[in-house]
Amino acid sequence: MGILDDCTPAQVEAITHMDGPLLVVAGAGSGKTRVITRRVAYLIEQGVRPWDILAITFTNKAAGEMKERIAKLGGRRGVWVSTFHSMCARMLRQFSDAIGYEKDFTIYDAGDSANCIRECMKRLEINTEHWPPRSIQRAISNAKNDMIGPEEFANKAGSFFEQNAARVYMQYQAALEQNQALDFDDLLFHVAKLVSSETDFLEHWRARFNYVLIDEYQDTNHAQYLIARELAAKHRNICATGDPDQSIYGWRGADISNILEFVKEYPDAKVVKLEENFRSTKRILKAAEQVIVNNDERIDRALYTNSDEGTRVRLIAAGDEGGEAEAVVEQIDKLRAGGYSYGNVAIFYRTNAQSRSFEQVLALEGIPYVIVGTVEFYNRKEIKDILAYLRVLVNDRDNLSVQRIINTPPRGIGTQTQAGLQAWARENHLTLMDAIGRCKEIQGMPSRALKALGKFGKLMETLGALSGSVADIAKQTIEKSGYLDWVRASKDTAKEDRDRNLGELVTAAARYVERTPDGTLRGYLEEVALISQIDEYQDGDDRLSLMTVHAAKGLEFPVVFITGLEEGLFPLQSQNDPLGRLQEERRLCYVAITRAQKELFITCAAQRMRFGMTMPALPSRFIREIPEEVIEKLTAFGLPAFEPEPELSISPRYERAVAPDVVHGHEDVETFELGQHVQHPTFGRGEIIARSGSGSRSTVLVRFQGVGVKRLVLEHAKLQKV
């Protein structure tokens with residue numbers, strides 16, 4: 001097949017552009033992956049050397065698909081096709097001395113990072129109930145994405161939460177350096193710093209890549225923007241492909257202005273708009289377009305399709321979340337009778353908590369399903385345990401991994417012994433493995449504990465001497481560590497599943513060897529650390545797919561149910577930047593709608609249980625934004641078809657201009673309303689999301705920035721209105 005065969009004129013224009021900056025505005029389902037892969041093949045055909053080309057995308061799954069397509073088009077090996085994080089890890093391995101690390105550094109995934117932060121908080125005696133580690137983790141992650149280091153973060157810290165986060169950030173970064181570990185954000189942070197200064201690192205990689213192609217450019221954060229800009233600065237052959245209407249990761253640092261201001265940064269850029277949608281029916285596409293036009297942070301374009309009109313978008317109204325789930329299953333039964341399989345159907349929701357009601361009904365009905373993006377394979381305890389063993393074999397300075405395996409399986413090294421070992425290691429500036437090797441020097445350590453520590457040290461020496469393929473080392477580690485025997489001897493009802501999972505880990509390692517014959521244990525661990533939730537999604541099974549809308553990005557299904565379209569849920573209410581967040585929520589709705597190929601259902605409920613309380617619900621403004629002529633209103637279990645309110649204001653109300661007013665007694669509590677912004681002396685700034693009772697029995701649920709939801713009695717809460 002020729003490179004330009006079956007391409008539209010707009011796609012050909014983007015593919016054949018040779019030199020200079022290029023912006024490809026690719027609407028949903030418009031074939032942007034085709035453009036990127038064909039463009040790489042075209043560049044090679046025109047004489048560009050494969051190793052001069054860098055193509056960056058956001059998931060390993062997408063990178064793998066891109067490599068396969070390039071190979072089928074005759075593209076030779078040598079093109080760098082990678083995620084940002086994998087690329088940065090590879091660069092830092094080669095220039096590890098530039099950041100003061102060894103080449104064998106460990107990469108911590110989100111779970112490892114959270115555990116390390118929790119340990120730091122314990123050392124700093126910061127209450128993990130008042131200040132959840134995940135909230136601290138988000139604050140640190142956002143700082144790194146904005147290129148703010150620990151010292152600068154501490155200098156800028158204003159609120160009590162930020163001051164505590166700054167203390168943890170400082171301690172956390174020191175722990176990472178001691179463990180010779182980098183988290184996901186560090187990979188970007190360090191590379192962005194290195195390319196932002198005149199270094200050998202910068203010159204090496206600038207000289208290496210003459211063409212830089214970035215997919216999903218609307219999802220880049222500040223660090224990724226800096227990396228792309230600096231790598232392409234010499235030749236200016238940068239191709240950014242994306243869609244502002246699908247920018248849905250602002251909450252984790254993505255900056256939509258990167259794509260909106262591309263032409264401002266590159267005034268000579270060629271702009272190509274891909275406006276033909278090859279995925280959805282006309283009615284589905286019209287619903288999506290009429291929702292997204294209400295945003296102003298976008299690039300004007302007119303998405304169209306040559307597919308058929310299709311069925312109308314079906315609206316299901318239910319009494320509550322239970323009725324909603326039952327109504328959805330009833331429709332799925334009808335779809336099955338009409339020829340669709342379970343594997344053709346996906347149920348989307350805004351928050352993970354919404355899956356519960358669907359899971360209950362699906363289990364009762366015996367309908368097979370899979371939840372995408374929750375507890376994936378590599379996050380299972382037994383897998384994390386064995387990976388921790390393998391990590392220590394590669395990097396024995398990784399104290400976090402040593403802590404995980406030192407008494408797993410149990411070998412008589414209890415919490416008191418571990419605490420004493422860790423304290424002695426810190427006092428003597430040693431790693432835990434070094435301290436274990438010198439444990440006889442620890443005064444007061446019981447002889448039984450010393451014996452157990454000695455045995456563990458010898459075990460790790462034995463495992464360190466293992467040879468063979470990555471799969472061989474993984475298999476022998478599982479066996480020689482005693483882990484497999486421990487699992488099989490346990491009384492755990494899930495031990496057979498755990499046994500099979502360990503076998504699957506060896507199989508996964510063997511697959512890695514097949515894909516990468518010269519791959520190393522370090523390389524395998526890096527691949528595992530950087531795998532994303534969507535990378536594990538496998539289509540082809542005849543099972544329903546349940547997932548959040550964020551997890552659905554990049555996927556498509558013949559039938560889609562978008563559930564919970566209610567004010568405060570979708571759009572999700574936020575106390576931070578409500579107007580900006582609303583635009584992102586609308587983009588998220590647009591992404592959800594455009595995942596559907598043939599059939600689209602949307603649902604809402606009259607009331608829903610949230611935060612342990614049943615609350616009345618209003619239909620989402622997004623329902624009202626869909627044209628009436630493309631909606632068919634269904635009746636769910638005898639309830640009348642739901643009529644959206646004629647005027648839906650933003651709810652709850654944001655940013656009141658009310659003078660500070662301290663609550664002194666129950667006579668003032670009635671003035672606190674749903675949506676009120678408040679200030680608490682301990683928890684900081686928050687927003688009232690629910691309330692119940694009256695007078696002295698008035699209670700509220702308040703979502704605090706960085707802290708989460710707290711239930712407070714208004715009479716004693718000492719809240720101030722903001």
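Quick note: numbers below take in every heavy atom, side chains included, and nothing from hydrogens, waters or symmetry partners. Only a predicted model underlies this, so the values are computations on that prediction, with no experimental measurement involved.
S86 contributes no side-chain N or O that, together with a main-chain N or O of S82, makes up a donor-acceptor pair within less than 3.5 Å. For the pair S141 (side chain) and R138 (backbone), a donor-acceptor distance under 3.5 Å is absent. S113 contributes no side-chain N or O that, together with a main-chain N or O of D109, makes up a donor-acceptor pair within less than 3.5 Å. Under a 3.5 Å cut-off, the side chain of D146 and the backbone N or O of A143 do not form any donor-acceptor pair. Panel note: side chain H17, backbone G20; a donor-acceptor pair is recorded below 3.5 Å. Side chain of S620 to backbone of F570: a donor-acceptor contact under 3.5 angstrom is found. Between the side chain of S341 and the backbone N or O of D542, no donor-acceptor pair lies under 3.5 Å.
Checked for salt-bridge contact, R312 and E628 miss the test: no charged N lies under 4.0 Å from a carboxylate O. A salt bridge links E216 with K32; the closest basic N to acidic carboxylate O contact falls under 4.0 Å. K144 has a carboxylate O that lies under 4.0 Å from a charged side-chain N of D186, or vice versa, which qualifies the two as a salt bridge. Taking a cutoff of 4.0 Å between a charged side-chain nitrogen and a carboxylate oxygen, R587 and D245 do not qualify as a salt bridge.
In the model, Y225 has a side-chain atom that pairs as donor or acceptor with a side-chain atom of E265 under 3.5 Å. Between the side chains of T563 and E324, no donor-acceptor pair of N or O atoms lies under 3.5 Å. In the model, N258 has a side-chain atom that pairs as donor or acceptor with a side-chain atom of T220 under 3.5 Å. The closest side-chain donor-acceptor pair between Y249 and N221, if any, does not fall under 3.5 angstrom. Judged purely by distance below 3.5 Å, without hydrogens or angles, the side chains of Q583 and D296 pair a donor atom with an acceptor atom.
The salt bridge (charged side-chain N to carboxylate O under 4.0 Å, His left out) analysis of residues 267-277, with sequence neighbours excluded, yields the pairs E13-K270, R236-D268.
R314 forms a cation-pi arrangement with F601, by the criterion of a distance under 6.0 Å to the ring centre and an angle within 45° of the ring axis. Stacking of R586 on the aromatic ring of F622 is not recorded, the 6.0 Å distance cut-off and the 45° axial limit not both being met.
Here R595 pairs with Q246 under the side-chain hydrogen bond (donor to acceptor under 3.5 Å, both in side chains) rule; sequence neighbours left out.
If you look at F95 and H204, their ring centroids are closer than 6.0 Å.
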